[in-house]
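Order of the sequence lines fixes the chain letters, A, B, ..., with proteins taken first and strands second; residue numbering starts at 1 for each chain. Only heavy atoms go into these numbers, but all of them, side chains included; no hydrogens, no water, no symmetry mates. Keep in mind that this is a model prediction, so the values were computed, not measured.
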Amino acid sequence: MRNSNEIIDDIANREYEFGFTTDIEMEMAPVGLNEDTIRFISAKKEEPEWMLEWRLKGFQAFKKMQFPKWQHFEMPELDLQKLSYYAAPKKKKQLNSLDEVDPELLATFEKLGIPINEQKALAGVAVDVVFDSVSVATTFKEKLNELGIIFCSFGEAVRTHPELVKKYLGTVVPHSDNIFAALNAAVFSDGSFVYIPKGVRCPMELSTYFRINAENTGQFERTLIIADDNAYVSYLEGCTAPKRDENQLHAAVVELIAMDHSEIKYSTVQNWYPGDKDGNGGIYNFVTKRGICKGNSSKISWTQVETGSAITWKYPSVILQGDDAEGEFYSVAVTRNKQIADTGTKMYHLGRNTRSRIISKGISAGHSDNTYRGLVQVGPRAANARNFTQCDSLLIGDRCGAHTFPYIESRNSTATVEHEATTSKIGEDQIFYLNQRGIDTEKAVALIVNGYAQEVLNQLPMEFAVEARKLLSITLEGSVG
Amino acid sequence: MLTIKNLHAEVDGKQILKGINLEIRKGEMHAIMGPNGSGKSSLSSVLAGRENYTVTQGEVIFEGKNLLDMSPEDRAREGLFMAFQYPVEIPGVSNLHFLKTALNEIRAYHSLPALESKEFLKLTKEKQQLVDFNANLMNRSLNEGFSGGEKKRNEVFQLAMLDPKLAILDETDSGLDIDALRIVAAGVNKLRSADKAFMVITHYQRLLEYIVPDFVHVLYNGQIVKTGTKELALELEEKGYDWLKEEVHQKESV
């Protein structure tokens, strides 16, 4: 009879189940980072001059910056000169339909269970697939077109809607915001662009699947979503990556802009290769995600389920500028083996009666380290601002760590800021209780973890929630129930 | 159904059970009584397979199989149920979802198909009425924020749902007021049947007024020192355990 510690060990040390690579011809940029690289990327993407100039500004800022030192983990040595900054499946011609997509590429998506096919269409999800750096196919475009919704790759938006891109690009995350954002500004590959016009409620979940697939390729996504007055959009981002021995850097930037009475819901399920059980390989996920509630009574909601990457370092944030604006952050971060997650959010209350809600659930297993870091800042104008933060940590086994760093700064005496935190362990008593009802230890752990994360999973769109539950089960349990 | 032979067990190197012998047949209701620290709860823990107990000697045969070789979940799947003295809380996992998982795991073990939601809900309703369980508690998180009485009633509800062959009730009466005790006992009585056996562990005779046992065993110092019928329970209620302890010590000194 195996005891529960052995089983927990086993679960915590399980190998990544989505580790495989796809053999597709790649077109790579020369290795190294300099102005020539940036010009190469810009030229490859046939960008206008203003875009290239913006990239170069980002590069100038990047050169003056240092890697931060405040994080709660050992920062690995990163040699940015050894990376290649552009990889695209070789383009043969413009694609008009999925039939023209490389069948091996489609097979990869199939393996991942990504239903970019009729099923998905029936489910009402438009998918903008990002394979490495270039969008390969976009569906549902016409239906969205009728409503005036723009949903396309970032590169396409630069060509077709330069006025919108110029107006909003870098307004939430400036090109000099932080070193990784500056790097992204300089070399960003592709990403998604969404614009929802005034008064339009986007009738379907917009979703993008990212997948990193080339060796030694930094991946630098850039996403920009704008909801105009009284608009609504729900955007899903989900990803898995194949197994690789060398670390891959991912430094994405996401900017959200919500105008008067509009709402943006942004959900992420992240499952990039976390490295083997000794911590070798794995993705570094250093992301800058920020939204601004520009208009009155606007709302931005971040939901994330983070299970992958060797190191996850990100703080999806909301600037609550408009009066009565609302920001939300719901997060489940799972770490095992030697994974590290330093994640949380920042809520900047600038407008009156602004509200924010932060629910963070960390789950650590193995030798991993899981940190919540959050800032709630209330400005002098933000009368009656309210924040509620709940920050829970769940430990599996006795060799992992959970840390909480809440920062609260209030400059308005009418503000209410609440912070609650708990730390718990999956108890042997809980597992034994479930065992005694006929449930084995692996399933018991999955059940307990899913229960623990329930409040966050409930925030995900139905279809995504099912995937996320599955992912939590696979991550911590191995068999999909 | 259950045969315990010369069972010795220890926890943290300390001998707790020192040669238990007990035979339980189908349809029987056995009460295990005894003073604090006599090994009552240890016996149920060893039978259910709690990890920190080590069996050092003896054997336990359950329905012809060696119980001690099985994992806790397989013991449960074979039809051994324990109503816990302290049921745990599992936040975020609904009572029903938990029960459905448990029931289907047990069914899968017996190569039965999983119950459809409709059948499951029908069964739930039936059992909930049978043991008079509050329907509002079924969709709540498992035992979270339940009162002591509600937790114990939930144990009996689970017992009804999972329909085991042998149910061990570990001090199910502790912490119950008289009304809750009556309801719990009534639930158990409804579940009694010719092919099901019960082992009721209790400190007090009170529970046995409602759940009438066929046999009463007194556990003392890790051994069954006396076996009788329900009258023995009454005698214990009247005289306490001291006279029994003396009897045991006299025997030992002879």
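Aromatic ring orientation, F84(B) versus F432(A): perpendicular (interplanar angle above 60°, classes split at 30° and 60°).
Between A76(B) and N435(A), the shortest heavy-atom distance links the atoms CB-O, 3.8 Å.
Checking side-chain atoms of Q436(A) against main-chain N and O of L80(B) turns up a donor-acceptor pair under 3.5 Å.
Surrounding CZ of R192(B) are more than 12 heavy atoms belonging to other residues, nucleotides or ligands, all under 6.0 Å away. E116(B) CD: 12 or fewer foreign heavy atoms inside a 6.0 Å radius. The environment of CG in N66(B) is crowded: more than 12 heavy-atom neighbours from other residues, nucleotides or ligands sit within 6.0 Å. No more than 12 heavy atoms of other residues, nucleotides or ligands shown are found within 6.0 angstrom of NZ on K5(B). Residue-environment remark: CZ (F388(A)) exceeds the threshold of 12 foreign heavy atoms within 6.0 Å.
Annotation: side chain of E455(A) is not in contact with side chain of P91(B) (no heavy-atom distance under 4.5 Å).
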Next on the checklist: Let's go through R77(B) and D440(A) carefully: what are the C-alpha distance in whole Å and the side-chain angles of both, what is the deciding distance for side chain to side chain contact (heavy atoms under 4.5 Å, CB included) to 0.1 Å, and is it a yes or a no?
Outcome noted: CA-CA 10 Å; R77(B) 293 160 180 170; D440(A) 66 34; 3.9 Å; yes
Next on the checklist: side chain to side chain contact (heavy atoms under 4.5 Å, CB included) for N450(A) and V93(B)? Distances and angles first, verdict last.
Outcome noted: CA-CA 8 Å; N450(A) 266 296; V93(B) 177; over 6 Å; no
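No other option in N104(B), N52(B), T101(B), L99(B) has as many heavy-atom pairs under 4.5 Å with chain A as T101(B).
For Y452(A), the ring pair (Phe, Tyr, Trp, His ring centres under 6.0 Å) criterion is met by no residue, not counting sequence neighbours.
Of the inter-residue distances, the one linking Q454(A) atom CD with S141(B) atom OG reads 7.5 Å to the nearest 0.5 angstrom. Atom-to-atom distance recorded for I448(A):CD1 and I90(B):CD1 is 4.5 Å, nearest 0.5 angstrom. Going from atom CZ of F98(B) over to atom OH of Y433(A) covers 5.0 Å, rounded to the nearest 0.5 Å.
Here the rule is side-chain hydrogen bond (donor to acceptor under 3.5 Å, both in side chains) with R437(A), and of E105(B), Q158(B), E73(B) only Q158(B) fits it.
For a residue to count as touching a neighbouring chain, one of its non-hydrogen atoms must lie under 4.5 Å from one of that chain's; by this rule L162(B) touches chain A with the side chain only. Within the 4.5 angstrom heavy-atom criterion, atoms from both the backbone and the side chain of P87(B) approach chain A.
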